There are 2 protein chains.
Amino acid sequence: MSTIAHRPQRADARRNREKLVAAAAAAFAESGLDAQVEDIARRAHVGVGTLYRHFPTKEALVVALAEQHFERIADTVEAALADPGDEWDVFAAAIWRVATAAAADVAWCEIIGGHPSAVQAASRGQQRLASAVGTHIARAQGAGVMRADATVEDIKTIMCGFGHVAAAQRAGAELDWTRYLAIALDGLRTR
Amino acid sequence: MSTIAHRPQRADARRNREKLVAAAAAAFAESGLDAQVEDIARRAHVGVGTLYRHFPTKEALVVALAEQHFERIADTVEAALADPGDEWDVFAAAIWRVATAAAADVAWCEIIGGHPSAVQAASRGQQRLASAVGTHIARAQGAGVMRADATVEDIKTIMCGFGHVAAAQRAGAELDWTRYLAIALDGLRTR
DNA sequence: CGTTAACATGAAGGACGGTTCCGCTTTGAT
DNA sequence: ATCAAAGCGGAACCGTCCTTCATGTTAACG
């Protein structure tokens with residue numbers, strides 16, 4: 001077995017990769033996960049071939065973006081764990097923060113809403129997120145402010161619904177994701 | 001202006017139309033709204049051309065099915081109005097009945113979840129449904145068992161989320177629409 | 001500089017799925 | 001039985017997108 005001498009990645013290639021990720025984020029945010037590959041390449045001022053050099057498939061690009069999204073959500077939810085306030089308020093505030101960020105981005109909505117492949121990737125961000133949410137739940141239940149039977153899966157389920165409602169609203173339906181969250185969170189709270 | 005003598009629709013044509021609707025319902029239930037036209041025609045033992053003779057577009061077929069779905073849902077919700085039981089229980093039972101029927105059918109989920117074109121048709125079924133739901137809400141609020149600020153739009157929103165959760169569950173996601181409904185309905189109830 | 005491997009390009013390829021079209025068949029009225 | 005209109009079939013058409021590939025370009029290293 002010999003050591004293969006890898007030439008370092010070329011500087012322009014790295015730049016292009018970053019431009020592609022940014023362009024994809026923008027295109028997906030605007031048009032949802034079925035934004036066209038050519039549009040993404042155009043926004044990055046790059047040929048489609050270049051896109052395919054960096055990502056073997058459009059799907060791979062989506063997964064990369066999804067992972068990025070989940071990392072950010074996990075950041076938000078983990079950060080909230082340090083907040084010393086009322087357990088319920090802290091949890092609810094974190095959810096609202098995540099939802100507000102997601103609602104402005106069609107792709108987030110679709111990913112949170114459960115895009116088949118992006119979700120199946122049991123990725124680091126998702127695991128961090130699940131763990132942080134679990135801690136929030138345990139705390140809130142300990143303080144008696146969250147229904148005792150609530151689970152991490154319940155939160156996932158609610159956010160899945162949220163993603164779709166927000167996406168539908170963006171698409172013109174007369175819906176209000178704000179009401180959705182208010183009601184769902186109330187349903188999660190102890191009465 | 002002369003009276004145009006319309007020859008009555010031929011018997012075989014009527015049969016084919018019915019077979020097409022049934023086949024479409026089956027195909028959509030199984031594969032969702034993006035079931036293929038050719039598959040629908042095949043199930044109806046008919047050529048695609050025949051399908052297009054009866055429905056100018058795949059979309060038209062979807063709208064026809066959607067209208068049928070909404071009529072049925074309206075039937076269920078209207079029927080519940082005659083129930084003399086506790087206002088909340090009656091309302092909740094009607095929602096559960098609708099949800100249970102819908103959860104078994106991918107197309108129902110997608111339509112309830114807010115399929116763009118099928119929803120925009122401010123059709124008879126939808127109007128009946130909205131009106132019946134409005135009556136339920138007014139009654140429950142009058143009895144003090146539903147949050148005072150709940151609206152028909154809130155129910156639509158919740159069912160939109162439901163549709164997506166149920167569809168995702170059918171597609172293999174580890175979600176539980178049962179939990180979703182339980183929590184959302186709790187959030188709608190007076191505490 | 002010169003060399004070379006990595007990289008970029010975008011037109012062409014290919015798969016997929018809705019829709020059209022025209023020749024053939026069936027119905028129903030005379 | 002005959003005929004015209006209505007209906008039927010399904011191969012071909014067409015638009016849309018993702019992906020590939022042959023060709024030209026560029027960064028990095030000696």
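Labels below follow one simple rule: chain letters A, B, ... track the order of the sequence lines, proteins then strands, and each chain is numbered from 1. Because the structure is a prediction, the values reported are computed rather than measured. Just the heavy atoms: all of them, side chains too, but no hydrogens, waters or symmetry mates, feed the values below.
Evaluation of atom-type donor-acceptor distances gives no pair under 3.5 Å for the side chain of R10(A) against the base of dA28(D).
Atom CZ of R42(B) is separated from atom P of dG17(C) by 11 Å (rounded to the nearest Å). In this entry the distance linking CZ of F55(B) with P of dT19(C) reads 13 Å, nearest Å. Rounded to an integer number of Å, the gap from CD of Q9(B) to P of dG7(D) is 6 Å. Rounding to whole angstrom units, CG of residue D39(A) and C1' of dG10(C) are separated by 16 Å. Here dT26(C) presents its C1' atom at 16 Å from CZ of R14(B), a figure rounded to the nearest Å.
Using a 4.0 Å cut-off, some side-chain N or O of R53(A) falls inside it from OP1 or OP2 of dC7(C). For the OP1/OP2 pair of dG7(D) and a distance below 4.0 Å, the side-chain nitrogens and oxygens of N16(B) include no atom meeting the criterion. Within the 4.0 Å cut-off from OP1 or OP2 of dG9(D), at least one side-chain nitrogen or oxygen of T50(B) is found. Taking side-chain N and O atoms only, H54(A) has a distance below 4.0 Å to OP1 or OP2 of dA8(C).
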Which atom pairs, donor and acceptor, lie under 3.5 Å between side-chain atoms of residues 142-149 of chain A and protein residues at least two apart or in another chain?
residue : atom : partner : partner atom : Å
R147(A) : NE   : D149(A) : OD1          : 2.9
R147(A) : NH1  : G187(A) : O            : 2.8
R147(A) : NH1  : D186(B) : OD2          : 3.4
D149(A) : OD2  : R179(B) : NH1          : 2.9

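Within 4.0 Å (heavy atoms only), A11(B) reaches sugar-phosphate atoms of the nucleic acid but no base atom.
For the pair R17(B) and R15(A), both in contact range of DNA chain D, the more 5′-proximal nearest nucleotide belongs to R17(B).
The side chain to side chain donor-acceptor pair (under 3.5 Å) pairs that include a residue from residues 84-103 of chain A number zero, where partners must be two or more places apart or lie in different chains. The side chain to side chain donor-acceptor pair (under 3.5 Å) analysis of residues 41-57 of chain B, with sequence neighbours excluded, yields the pairs E30(B)-R43(B), D39(B)-R42(B), D39(B)-R43(B).
For H164(B), the side chain to side chain donor-acceptor pair (under 3.5 Å) criterion is met by H164(A), not counting sequence neighbours. Not counting sequence neighbours, R170(B) has no partner by the side chain to side chain donor-acceptor pair (under 3.5 Å) test.
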Item to complete: Report the C-alpha distance between I111(B) and L33(B) in whole Å, list the side-chain angles of each, state the deciding distance to 0.1 Å, and finish with yes or no for side chain to side chain contact (heavy atoms under 4.5 Å, CB included).
Response: CA-CA 8 Å; I111(B) 287 170; L33(B) 254 17; 3.9 Å; yes
Notebook entry, point to check: Run the side chain to side chain contact (heavy atoms under 4.5 Å, CB included) check on D75(A) and R128(A) step by step: do they pass?
Noted result: CA-CA 9 Å; D75(A) 288 345; R128(A) 278 178 56 210; 2.6 Å; yes
Under a 4.0 Å heavy-atom criterion, the protein footprint on nucleotides 11-20 of chain D, written with B, S and -, is B-----SSBB
